[in-house]
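Only one structure is covered here, and it is reproduced in the block below.
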Amino acid sequence: MNIKNISTIIMGIIWFTSCYDDKSEYATNPIDEVKIEVSDEKTIYIGYLEELNIVPTITQGGKTDVKGLKYEWELSIIADMNEAEYQSVSTEPELHEIINRPIANVPYSLRLTVTDTTNKEDLQYQYYWNVYVQSSFLDGLLISETNNNQTSDFTLIENKSLTVNYGNKEERIFRNILEKANGAPYTGLMTGLRYEMMGYANVGTHTNQVWAITNNGCVRFDTESFKENGNLEDGKILTYKPEGLKVYNFFKAQTFFYMNTNKGIYSFNAINSNIFGWIDAAASQYTINNAVVACNTSGDPYCTGMWLDKDKGKFVSYEGTYASPTYQDSYVANNLFDPCDMKNKSAIAGGMSTDRKTPTFLLKDDTSGEYAIYTFSRYVAAEGYYDDEWNWYETAPEILASAKMKYDIPSSGKALIEKAVSIFFAHKEAIMYIATNDGIYCINFAGSTAIVETSPKYTPTSGEKITVAKLYQQGQYINDESSVISDSHVYPELELNNKAIIIATQKDTYEGKVYVVPMTQIGTGNLDISKALIYDGFGKILDVTTIGY
């Protein structure tokens, strides 16, 4: 073999050996792919302020005990299917994150990036989800509370007893809603809560909202996400704010929503408006004594709002419909009292009682200091028909608005009233409840005289004092009775509606509890504490109401 051939063979052996070594290294040190597997769908529906929990299975080379992996979860800032700018929300292997993105009809994009840091390339593996953010806040019990007397926040309780169409889902309690939604509680104390819906529930768009009276006037929140959507300073709920304006209360009569203030009465038609303009020129001819109003929202054109005008010494009622609203102060007197001559009287409590639509008031005589319950007959137009020749045949006569009954309160009732923290009327019974720090009492006025029940219907647990009590009515009933009880049944009626009372107690300054106690033996005022819904963990309770959805 010549030298040239030997050289060629040696070079070939060297080249072959080099190739073999490289191939052997690649085969014995592969870069195994990281795999991301999840048991859930790639499309996720999550409630606003609910916790999103995703536990992916991460493997590499078939092994789950993987070292050197770095994780980053990112959620798009806006809901936009064409463009996604991400914000990092977690760097843990699992995601357990409160979702506070705004509610949207299109999805947000969630991205998990897993980086393999054990190789020079830092290989990355990604997994995507579409995340639809929906409202978590349905019908329920809404509590305003404070833990420092400087700021306040909301708690919402939802369950099958308090929430329409809730089914058999587990009860949910959302605490510190504003702090979780906005990063901080509300600065100030929120009292005088009032649920209201702008628009129609079953036609087109509508906005569910809750109003609150505050140190600076009032504030309003959209209850779909509890984002603030107006206050007295930003011009979103009042076109012009007069100097020194103070809000006393909110109420709704038929479709009109009212704000009663020291500068006059404001109103707007809640079907198509969401802002107060100038004062209601017609309503502001009158004043509302002690912010006490008897009202309903049934759609009935007759007396859906009524109050005592102390300055004029007479009662006033809102009549008519949204198309032709009127205020009338003409009533027929009887031998018990004259509604147009109520001088030296002060309104203590008011509401629609007995049959859901009888205006009823507790008044105090400023001179004697005595108390009495007054009821009224509402105006009802004559009924009849025209024949073919347009002759009118009356089938039921016109009923004029008039005084009905007066029930003087005996001394035992007076003693309770003067210790009261809350006084309110049952809606379908002739019962007036009186809440004192140490018990719930009642006065029955179904007969010809007022009967005072001096034994408490409810006594708080040792160490607790009652601070607030009111009739339980589901949120949508407060907003629009007709949507709950009419033949259309837009909303089902909850079993407790008008058949329970809400009680708030305090054991210490910042140790509050809420009870929803059912009525039993209708017509007696009796309460069944054994069936009460009981909730604790509150600070100082400022107010309790219900909201709809």
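Residue numbers run from 1 in the order of the sequence given.
For the residue pair Lys513 and Tyr515, a side-chain donor N or O sits within less than 3.5 Å of a side-chain acceptor on the partner. A donor-acceptor contact under 3.5 angstrom links the side chains of Asn208 and Tyr195, judged on distance only. Between the side chains of Thr163 and Asp139, no donor N or O sits under 3.5 Å from an acceptor N or O. Inspection of the Thr304 and Asn296 side chains reveals no N or O donor paired with an N or O acceptor under 3.5 Å. The closest side-chain donor-acceptor pair between Asn479 and Lys252 falls under 3.5 angstrom. A donor atom on one side chain and an acceptor atom on the other are not found under 3.5 Å apart for Thr91 and Glu72. When only modelled atom types and interatomic distance are considered, Trp73 and Glu97 share no side-chain donor-acceptor pair under 3.5 Å. Side-chain contact annotation: Asn229 with Asp222, donor-acceptor N/O pair under 3.5 Å absent.
Rounded to the nearest 0.5 Å, atoms CZ (Arg220) and OG1 (Thr207) are 8.5 Å apart.
The number of heavy-atom neighbours closer than 6.0 Å to CD of Glu94, taken from other residues, nucleotides and ligands shown, is above 12.
Side-chain rings of Phe256 and Phe268 stay apart, their centers remaining 6.0 Å or farther from each other.
Between Asn290 and Ser346 the shortest heavy-atom distance is ND2-CB, 4.5 Å.
Put simply, the side chain of Ser76 gets close to the backbone of Ser109: a donor and an acceptor are under 3.5 Å apart.
Classified by interplanar angle (parallel below 30°, tilted 30° to 60°, perpendicular above 60°), the ring pair His427/Tyr477 is perpendicular.
Residue pairs satisfying the salt bridge (charged side-chain N to carboxylate O under 4.0 Å, His left out) criterion with at least one member in residues 354-363, sequence neighbours excluded, are listed as follows: Arg356-Glu481.
Of the options Gln474, Gln473, Lys428, a side chain to side chain donor-acceptor pair (under 3.5 Å) to Asn498 is made by Gln473 and by none of the others.
Both tests do not hold together for Arg194 against Tyr258: distance to the six-membered ring centre under 6.0 Å, angle to the ring axis within 45°.
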